[in-house]
Amino acid sequence: MTDLLTLGETMAAFRTTGPLRLGGTASISVAGSESNVAIGLARLGHRPAWVGVTGADEPGELVRRTLRAEGVDLTWSRVDATAPTGLILFENRVADINRVTYHRAGSAGSRLGPADVTGAFDAPGPPPRLLHVTGITCALGVEPYQAVVEAVRRARAAGSTICLDVNHRDRLWSVAEAAAALRPLLPSIDLVIASDDELAVLTDATDPAPALLSAGVTEVVVKHGAGGATSHSATGTTHRPARTVPVVDTVGAGDAFVAGLLSGWLDGLDVPARLDRAVTTGAFAVASRGDWEGLPDRAELALLDHGPGG
Ligand code: CKP
Ligand code: MG
């Protein structure tokens with residue numbers, strides 16, 4: 001049984017310690033918001049599946065090998081030999097500030113389409129408990145957007161709980177384009193996750209959370225970065241502070257937060273405990289280099305409670 005189904009593009013990630021123009025060494029890994037969430041859930045003992053397309057090339061093999069090694073189910077992903085796997089370049093500039101460059105136009109990952117999502121819902125057995133979609137997949141083109149629309153439609157029909165992370169990327173599309181694509185999905189979304197500055201993508205209201213609840217969303221979780229996170233629902237508002245950790249690399253922190261939140265949901269935790277797990281997994285990502293490498297397994301969740309030296 002699949003706990004969480006997600007779909008998106010995962011790229012080979014190159015990390016340098018300075019500007020690429022200076023040459024030197026790079027570390028190579030993989031990156032993609034949706035697979036970051038899938039890895040985070042697998043580390044915590046859940047059963048995630050990732051739907052995506054990779055090229056028949058070494059970056060694609062790296063993506064597939066990494067996700068398999070992390071325990072992510074690739075049953076419904078595929079290889080497209082006619083397009084390359086996308087690349088993402090993180091050039092570390094100062095402190096935790098990276099210059100991020102995508103090389104993903106025309107990539108295999110952007111060939112994801114509605115036909116790719118049917119397998120997971122047509123498979124025998126219960127449907128995925130959760131569907132997780134993000135604005136990034138929607139921004140990749142018409143077909144990837146239609147894949148999200150189809151996944152949401154199928155998940156709704158199957159009774160899966162549906163989560164949307166706005167994940168706005170202004171290098172991929174404008175706020176107006178994102179609003180036009182994401183707002184029509186809202187009546188089908190159970191849980192919306194957004195940072196403060198992403199709420200304007202979903203609503204023009206001056207008080208966004210109540211407006212989103214009125215639009216049919218059951219829970220709105222707003223991330224305030226170092227200010228923690230707040231959950232809004234018909235039963236009230238719950239706030240949790242962030243965990244204080246040294247800031248090493250903030251990329252992937254949002255996905256780590258989502259993984260913790262959804263893990264708590266899968267475990268049947270109440271809202272405060274779900275937020276506590278989310279800010280904890282987010283803190284692991286902030287305090288470690290890489291998008292997902294530092295995410296905790298279940299035993300490690302308590303590690304931050306102990307302080308230096310354990
Ligand atoms: O919102 P986050 O910092 O958690 O997202 C990071 C990911 O998918 C990263 O892995 C990158 O590849 C991306 O977001 C993206 O496409 O920007
Ligand atoms: Mg994010």
Side-chain angles (χ1 to χ4, degrees), residues 6-15 27-41 43 50-54 59-60 62-63 66-67 70 72 85-92 96-105 107-110 112 132-141 144-145 148 163-173 178 182 191-199 201-202 221-226 229 242 247-262 278-279 281-295:
T6 190
L7 58 151
E9 178 173 29
T10 299
M11 300 161 280
F14 292 77
R15 277 196 163 70
S27 67
I28 305 175
S29 183
V30 308
S33 173
E34 302 79 13
S35 59
N36 293 343
V37 172
I39 290 171
L41 283 163
R43 291 237 174 138
W50 174 81
V51 178
V53 187
T54 48
L62 174 69
V63 167
T66 304
L67 296 184
E70 290 291 331
V72 177
T85 302
L87 308 177
I88 183 168
L89 178 63
F90 297 93
E91 294 166 276
N92 191 244
D96 64 318
I97 310 292
N98 293 301
R99 175 165 53 211
V100 181
T101 318
Y102 296 131
H103 297 267
R104 68 198 299 181
S107 66
S110 59
L112 183 71
H132 175 62
V133 297
T134 84
I136 297 175
T137 313
C138 298
L140 296 179
Y145 176 61
V148 169
C163 171
L164 167 71
D165 180 352
V166 174
N167 250 343
H168 185 65
R169 295 291 183 270
D170 53 15
R171 277 182 298 263
L172 295 178
W173 60 355
L182 298 185
L191 168 62
V192 161
I193 303 171
S195 50
D196 294 290
D197 57 347
E198 289 175 333
L199 287 166
V201 171
L202 299 181
V221 174
V222 185
K223 298 172 291 173
H224 316 295
V247 178
V248 174
D249 178 4
T250 56
V251 181
D255 303 326
F257 177 94
V258 172
L261 191 76
L262 297 182
V279 296
T281 47
F284 272 90
V286 167
S288 56
R289 197 160 296 288
D291 289 21
W292 52 267
E293 286 86 338
L295 296 185

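Note that this is a predicted model, so its numbers are computed, not measured. Counting starts at 1 for both ligands and their atoms, in listed order.
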Undergrad: I'd like the name of whichever of Leu172, Asp165, Asp291, Asp249 reaches closest to atom 9 (C) of ligand 1 through any heavy atom.
TA: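 The nearest heavy atom belongs to Asp291.
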
Undergrad: Please determine which of Ser33, Ser107, Ser35 meets the side chain to side chain donor-acceptor pair (under 3.5 Å) test together with Glu9.
TA: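 That would be Ser107; it is the only one of Ser33, Ser107, Ser35 passing the side chain to side chain donor-acceptor pair (under 3.5 Å) with Glu9.
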
Undergrad: Can you check whether Ala256's main-chain N or O pairs, donor with acceptor, with Thr281's side chain at less than 3.5 Å?
TA: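 The answer is yes, because a donor-acceptor pair under 3.5 Å joins these two groups.
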
Undergrad: What protein heavy atom lies closest to atom 16 (O) of ligand 1? Include the residue and the distance to one decimal.
TA: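 I find the closest protein heavy atom is Arg104 NH1, 2.9 Å.
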
Undergrad: Below 4.0 angstrom from a heavy atom of Asn167, which ligand 1 atoms are there? Numbered from 1 as shown, please.
TA: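 Result: 1 (O).
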
Undergrad: For Met11, is at least one N or O under 3.5 Å away from an N or O on ligand 1?
TA: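 For ligand 1, there is no N or O atom that lies under 3.5 Å from one belonging to Met11.
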
Undergrad: Is a side-chain N or O of Thr10 found less than 3.5 angstrom from the main chain of Gly32, in a donor-acceptor match?
TA: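 No: the side chain of Thr10 does not pair with the backbone of Gly32.
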
Undergrad: Tell me, with the steps shown, if Arg169 and Thr134 meet side-chain contact (heavy atoms from CB on, under 4.5 Å).
TA: CA-CA 11 Å; Arg169 295 291 183 270; Thr134 84; over 6 Å; no

Undergrad: Would you say the side-chain atoms of Arg171 pair up with the backbone N or O of Thr101, donor to acceptor, closer than 3.5 Å?
TA: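 Flag not set: sc Arg171 to bb Thr101 has no pair under 3.5 Å.
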
Undergrad: Check each atom of ligand 1 against the heavy atoms of Gly32 and keep those under 4.0 Å away; list them by number with element.
TA: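 Within the 4.0 Å cut-off of Gly32, ligand 1 contributes 8 (O), 10 (O), 12 (O).
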
Undergrad: Look at atom 15 (C) of ligand 1 and say which protein heavy atom is nearest, naming residue and atom and giving the distance to 0.1 Å.
TA: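 For this ligand atom, the closest protein heavy atom is Tyr102 OH, 3.3 Å.
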
Undergrad: So, does Arg171 sit close enough to ligand 1 that a heavy atom of it is under 4.0 Å from the ligand?
TA: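 Checking ligand 1 against Arg171, which is what was asked, there is no heavy-atom contact under 4.0 Å.
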
Undergrad: Search all heavy atoms of Val63 against all heavy atoms of Ala12 and return the closest pair with its distance.
TA: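 Minimum heavy-atom contact is CG2-N, 4.2 Å.
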
Undergrad: Would you say the side-chain atoms of Asn36 pair up with the backbone N or O of Trp292, donor to acceptor, closer than 3.5 Å?
TA: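 No: the side chain of Asn36 does not pair with the backbone of Trp292.
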
Undergrad: As an exercise, state the distance from CG of Leu172 to CZ of Arg104, rounded to the nearest 0.5 Å.
TA: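 It comes to 5.0 Å.
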
Undergrad: Which one holds for Ala285 and ligand 1: side chain close, backbone close, both close, or neither close, with close meaning a heavy atom under 4.0 Å?
TA: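 Neither; nothing of Ala285 gets under 4.0 Å from ligand 1.
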
Undergrad: For ligand 1, note which part of Val100 has a heavy atom under 4.0 Å away: side chain, backbone, both or neither.
TA: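 For Val100, no heavy atom sits under 4.0 Å from ligand 1.
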
Undergrad: With atoms numbered from 1 as shown, which atoms in ligand 1 lie under 4.0 angstrom from a non-hydrogen atom of Val251?
TA: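 Going through ligand 1 atom by atom, the ones under 4.0 Å from Val251 are 3 (O), 6 (C).
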
Undergrad: Considering all heavy atoms of both residues, which atom of Ser288 and which atom of Phe284 are nearest to each other, and what is their separation?
TA: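 For Ser288 versus Phe284, the nearest heavy atoms are OG-O, 2.6 Å.
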
Undergrad: Enumerate the atoms of ligand 1 whose separation from the nearest heavy atom of Ala253 is less than 4.0 angstrom.
TA: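 Here the atoms of ligand 1 in question are 4 (O).
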
Undergrad: Does Glu198 approach ligand 1 within less than 4.0 angstrom via side chain, backbone, both or neither, non-hydrogen atoms only?
TA: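 Neither part.
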
Undergrad: Give the residue, atom name and distance (to 0.1 Å) of the protein heavy atom nearest atom 6 (C) of ligand 1.
TA: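 Nearest neighbour among protein heavy atoms for atom 6 (C) of ligand 1, to 0.1 Å: Asp255 OD2, 3.3 Å.
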
Undergrad: With a cut-off of 2.8 Å, does any N, O or S atom of Asn167 fall short of it relative to the Mg ion (ligand 2)?
TA: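 Checking the Mg ion (ligand 2) against Asn167, an N, O or S atom does fall under 2.8 Å.
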
Undergrad: Nearest 0.5 Å please: distance from the CZ atom of Phe257 over to the CG atom of Leu262.
TA: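 Answer for the CZ-CG pair, Phe257 versus Leu262, is 9.5 Å.
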
Undergrad: Numbering the atoms of ligand 1 from 1, which are under 4.0 Å from a heavy atom of Ala31?
TA: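 This gives 10 (O), 12 (O) as the contact atoms.
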
Undergrad: Evaluate Phe90 for polar contact with ligand 1, using N/O atom pairs at a separation under 3.5 Å.
TA: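 No; every N/O pair is 3.5 Å or more apart.
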
Undergrad: Among Thr6, Asp165, Val148, which one satisfies side-chain contact (heavy atoms from CB on, under 4.5 Å) with Val133?
TA: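 It is Val148, the one option of Thr6, Asp165, Val148 that forms the side-chain contact (heavy atoms from CB on, under 4.5 Å) with Val133.
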
Undergrad: Which option, Gly252, Ala256, Gly254, owns the non-hydrogen atom nearest atom 3 (O) of ligand 1?
TA: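 When every heavy atom of Gly252, Ala256, Gly254 is considered, Gly252 comes closest to atom 3 (O) of ligand 1.
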
Undergrad: Minimum heavy-atom separation for Gly109 to Leu140, with atom names?
TA: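 Nearest heavy atoms, Gly109 then Leu140: O-CD1, 4.5 Å.
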
Undergrad: Select the closest option to atom 11 (C) of ligand 1 among Thr10, Ile88, Leu140, judged by heavy-atom distance.
TA: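 Nearest option to atom 11 (C) of ligand 1, by heavy atoms: Ile88.
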
Undergrad: I need the contact type for Arg169 against ligand 1. Using non-hydrogen atoms and a strict under-4.0 Å cut-off, is it side chain, backbone, both or neither?
TA: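 It is the side chain that gets close, since no backbone atom is under 4.0 Å.
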
Undergrad: Quick one: nearest non-hydrogen protein atom to atom 8 (O) of ligand 1, plus distance?
TA: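 Protein heavy atom at minimum distance: Ser33 N, 2.7 Å.
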
